[in-house]
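In what follows, a single structure is set out as structure tokens and then discussed.
Worth knowing before you read on, the calculation uses all heavy atoms, side chains too, and leaves out hydrogens, waters and symmetry mates. Both counts, for ligands and for their atoms, begin at 1 and track the order of listing.
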Amino acid sequence: MALEELYKEVILDHYKNPRNKRDLPGGELSCALNNPLCGDQITIHAHLDDGRMAEVTFEGSGCSISQASASMMTEAVTGRSLEEAKRLAGEFRGMMEGAVEPDEASLGDLVALKGVVKYPVRIKCAVLAWDAFQEAVSGPGQT
Ligand code: FES
């Protein structure tokens, strides 16, 4: 299977079977953001335990790219330290801005989204959940 096909499969799988798509009662961090280009909204919930992302979930609706990216994001940051999660968010953003060549060792399945860079109008779809995550973990007391 060609790499592009594989990436499409990964995105479709997360879209059809989103991981961690639910409310998170007791999650002390959250942020809701909408994509001004389409009005779709994503809410991120997170629970920090001892400096680690113990649980990260999302709710909301949107296109396949936004939903797949949110699903992949929750998997990618869960279990990481706050600092690692923020670093990964920065790396993902760099990839989506076309500024850094993605490092598959660190980004894993997230590299499946790099093809979106070719469609500038969809980049916001891919970074929406990450923007909300970054805001959630940068809130009061989380500098
Ligand atoms: Fe709305 Fe992608 S079209 S988030």
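The CZ atom of Arg19 sits 15.0 Å away from the OG1 atom of Thr57 when rounded to the nearest 0.5 Å. Rounding to the nearest 0.5 Å gives a distance of 11.0 Å between CD of Glu135 and OG of Ser30. Atom OG of residue Ser66 and atom CG of residue Leu128 lie 6.5 Å apart, to the nearest 0.5 angstrom.
For atom 2 (Fe) of ligand 1, the neighbouring protein N/O/S atoms at less than 2.8 Å, given as residue and atom, are Cys63 SG, Cys125 SG.
Using a cutoff of 4.0 Å between basic side-chain nitrogens and carboxylate oxygens, Lys8 and Glu4 are not scored as salt-bridged.
For the pair Arg22 and Glu55, the minimum side-chain heavy-atom distance is below 4.5 Å.
Side-chain atoms of Lys86 do not come within 3.5 Å of backbone N or O of Ser81 as any donor-acceptor pair.
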